[in-house]
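If you're wondering where the values come from, they're calculated on a predicted model, not measured in any experiment.
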Protein chains: 2
Amino acid sequence: MDIRDIAAKSGYGVGTVSRAINGQPNVSERARERILEVMAELGYEPNVNARYLKMRTQTPVAVFVTGVGNRLFDDVIGPLQAELVREGEDIVVTYLEDGSNVARAAAEYQLARHPKGMVFLGGDPECFRTSFQEVGAPAVLVTSSAEELALPNLSSVTIDNEAAARDAVAHLCERGHRRIGVVGGSRDGGQISSLRLRGAEDALRAHGIELDYERDYEPCDFIEAGGFEAAGRLLDRAPDLTAVFALGDVVAFGALRAICDRGLTVPGDVSLVGFDDTSLSQYSVPRITTIRQNAELLGRRAARVILDGMGGASATHELVPYELVERESVRTV
Amino acid sequence: MDIRDIAAKSGYGVGTVSRAINGQPNVSERARERILEVMAELGYEPNVNARYLKMRTQTPVAVFVTGVGNRLFDDVIGPLQAELVREGEDIVVTYLEDGSNVARAAAEYQLARHPKGMVFLGGDPECFRTSFQEVGAPAVLVTSSAEELALPNLSSVTIDNEAAARDAVAHLCERGHRRIGVVGGSRDGGQISSLRLRGAEDALRAHGIELDYERDYEPCDFIEAGGFEAAGRLLDRAPDLTAVFALGDVVAFGALRAICDRGLTVPGDVSLVGFDDTSLSQYSVPRITTIRQNAELLGRRAARVILDGMGGASATHELVPYELVERESVRTV
DNA sequence: CGAAGGGTTGGAAACGTTTCCAATTGGCTT
DNA sequence: AAGCCAATTGGAAACGTTTCCAACCCTTCG
C-alpha cells in the first residue's frame, strides 16, 4: 500500500496527500478530512525508508548506552524517552560493548542513518575529540561534561562530579574517619573517574590527609563484581581502614558484600559511601549513604537539549544539582 | 556522495559497484578490488534508507524491552547482541513503558520499519493473540512461552516457570517451613505470574498446605519498591510467617529491606527465596537463594532462533534449564 | 470588466539504492 | 571459422516518499 493508493481512493493527488499526512499548510479542511478518513480505512502507514531517504534524515533520536549494567543509565532512559515521545519523537537505543569506541560507532551510525539527534549515556568525552568533528545532528553527552571540547553540536548535562566526590569524602572526614579507602574507576580512566578521584583527594587533603594511591586505592570497573573484588583486595591490604568511598553505587554494593564476607559490619566496622543513588543503595541492607544523581532530571534535561538543538539552539553545558543523601552506612567514630 | 560517484571514479557501472559492495557473485576479482579501493579512498558509506527502501526490509533486529528496571533483561541483552553481531546483524532496542501494548507497538514498528527480526524481552503472550496475526519477520518471546498461541513466526525461549517455582517452594517446605508467604506479580497477571504462583501453590499442597491468597499472598510489580511495600503489608498482616517466596529477585530485594526494617533478620527470623538470579541476589547481604535463569543462555538462544528464522526455519519453543542456587537466605527450622 | 493575488491542487523530479535484463567479452568446442 | 556458453558488465526501472513548480479557481480591487 502506497501513498498513491490513498491519493487514488481519496480523489486527490499525491502532493496533497503528503501535505495532509504531514500537517502542512495549503490543504483544505475538506481534503484533509477525506484523506485522513481513507488512511484510517485502509490502515495505511507511511514507509519510513522512503520518507527518510527523501528527507535525508533518519532514525528519530539515537541513544547510545555504554556499560550495560550501570543502573543509573537504566533509570535515565525512562524519563528521557517519556519527554521525547511527548514531543512526538521516538528513540532507538544501541548498546555498546566497550565505552571506548562510542564515538566511532556514533560516527558510523550517523553516516548511515542520519539520526535527528544523539544521546550518549556514559562514554568519555575524550573519545569524541578526534573522530566526532562534524556532528550533523545535535548530540548530548549525559553524566560527563563536554564543555572543554567545545564541539559545535555536542552538549552535555552532568553534575559536578568533583564537588560531589569532595562532599562525599568530607562527610566521612567530618565524622572522624582518618583511614579512608577508595574503590572504583581507574587513575588514568575517563573523566568521571578522574574527577571523582580528584574530589576525594581534595577533601582528604583539606583534612590533612594525603591519599596514598598505592595503599588506599583500588581501581575497578563499574560493576558489582568489580567492587567486590577491588574492595576485597583493599581490605586485605589495609585492614585498618574505617571507611570506604566507592566511586559508584554498583561498586559500593559489591564492596558491601566484600566487607561482610570478612566478618565485618557496615557501619559498625567500616563506613561506606557510594555514588549515584540507584535502587541498589536505597534497598540494600544497610542502606548506603550516597550522592544522588537525579536520574529523572538528567533524562529530562537531556531530552530538552536535543529538542532545543533540533530547533536550532547551539550546544549548552548544563550542570544539574546533586545531593548527599545520608542513610545508614556511615558511623561517627 | 553516491554509488554513482564510486561507479564513475572506479570506471565501472553502478550495477557492478552494487554487487561488489554486497559481496555478490558475478564481479571479477579485478573489479572488486578496484571498487573497494575507491570506496575506501572516498570514505563512502551506503545510504541505508535507500537500501532498505529498495530491499523492503529495514532495521536489522528490533528488540523490545518492557519493564525498565528488570535486571534480568539487562543481563540478557548483552549476550543477545553479542551473538547477533557475530553474525553480522545489528540490533536496535526500544523500551516500552507498559507491557500491555507491546504487540501494538511491535505491529506498528513492523509496518513502518520492516525489521529483519524481533525479540521481546518480557511482555505477555496473551497480548500477541489478537494484534499480532501476520508477523512478517521471525520473532521470539523471551522468558514467556508462546507455545499455545501457535503463531507461525513467533518462537519462544523460556524456562519452565511452574516447575521452577515448585522447586523453590519445595525447598522451603523441605527445610521445615509451614507458614510461607508469597509476594510479587498478580493473580490475574500475565503468564509468568500465573505459572510461578501455580508452582508455589502445587508445592505447598504437596506438603499438605493450602495457599491462602487472602492472607499469605501480596501482589506487586516487579520493581524493588513493589517488593518492599508488598512484603511490608504481608508481614504486618501475618507476623507468624517464617518464610517468603518472592516471584522475582528485585521483589526479593525489596522484601529483604522490608523484613530488616521490622527488626527481623534473614534467615534468622524469616527465610527468603527469590527468582532470576540477577546480580541483586548474588551480592546482597545476605545472599539470596534463588532460581537461576541463565541470562546468557537465554540471550544466545534467542539470537539463534532469530538467525535460524531468518534462514527460513519455522517457530520453535525452547525450554532452557534452570537451577536452584542455594545461598544464605534460607534456614532449616 | 480585466488584472492581481491568495489559497488549493496535481504531478514530475529527485532521494540513493538494488535488481533485472540485455549486451559484451573471451574461451571452448565442433 | 563459426557457434556456444559462462562470466562479466552497464544501465534502466523501481522502491515510496517529499518538494517544487505550474496550473487552477475564486475573490477582491482598481
If you check the [X] side chain, which of [options] turns out closest?
X: B:I3; options: C:dT18, C:dT9, D:dG16; result: C:dT18
X: B:N22; options: D:dT9, C:dT18, C:dG16; result: C:dT18
X: A:R51; options: C:dT18, D:dG11, D:dT17; result: D:dT17
X: B:V14; options: C:dT18, D:dT17, D:dG10; result: C:dT18
X: B:K54; options: D:dT9, C:dT19, D:dC20; result: C:dT19
X: A:T16; options: C:dG10, C:dT17, D:dT9; result: C:dG10
X: B:Y44; options: C:dT17, C:dT19, D:dT18; result: C:dT17
X: A:A50; options: D:dT8, D:dG16, C:dT9; result: D:dG16

Problem set entry | Sequence-distant partners of B:K9, salt bridge (Lys or Arg N to Asp or Glu O under 4.0 Å), two or more places apart | B:E41

For this session: Name the residue closer to the 5' end of DNA chain D, choosing between A:M1 and B:G15 according to the nucleotide with the nearest heavy atom.
Result: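 Here B:G15 is the residue nearer the 5' end.
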
Problem set entry | Residue met sooner reading DNA chain D from 5', once B:L53 and B:R19 are mapped to nucleotides |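 Upstream on the strand: B:R19.
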
Problem set entry | Residue from B:V63, B:T278, B:V142, B:T143 passing side chain to side chain contact (heavy atoms under 4.5 Å, CB included) with B:F73 | B:T143

Exercise. Rounding to a whole Å, what distance do you find between B:I35:CD1 and C:dT18:P?
Worked result: 12 Å

Exercise. Heavy atoms, side chains only, cut-off 4.5 Å: are A:D308 and A:I306 in contact?
Worked result: no

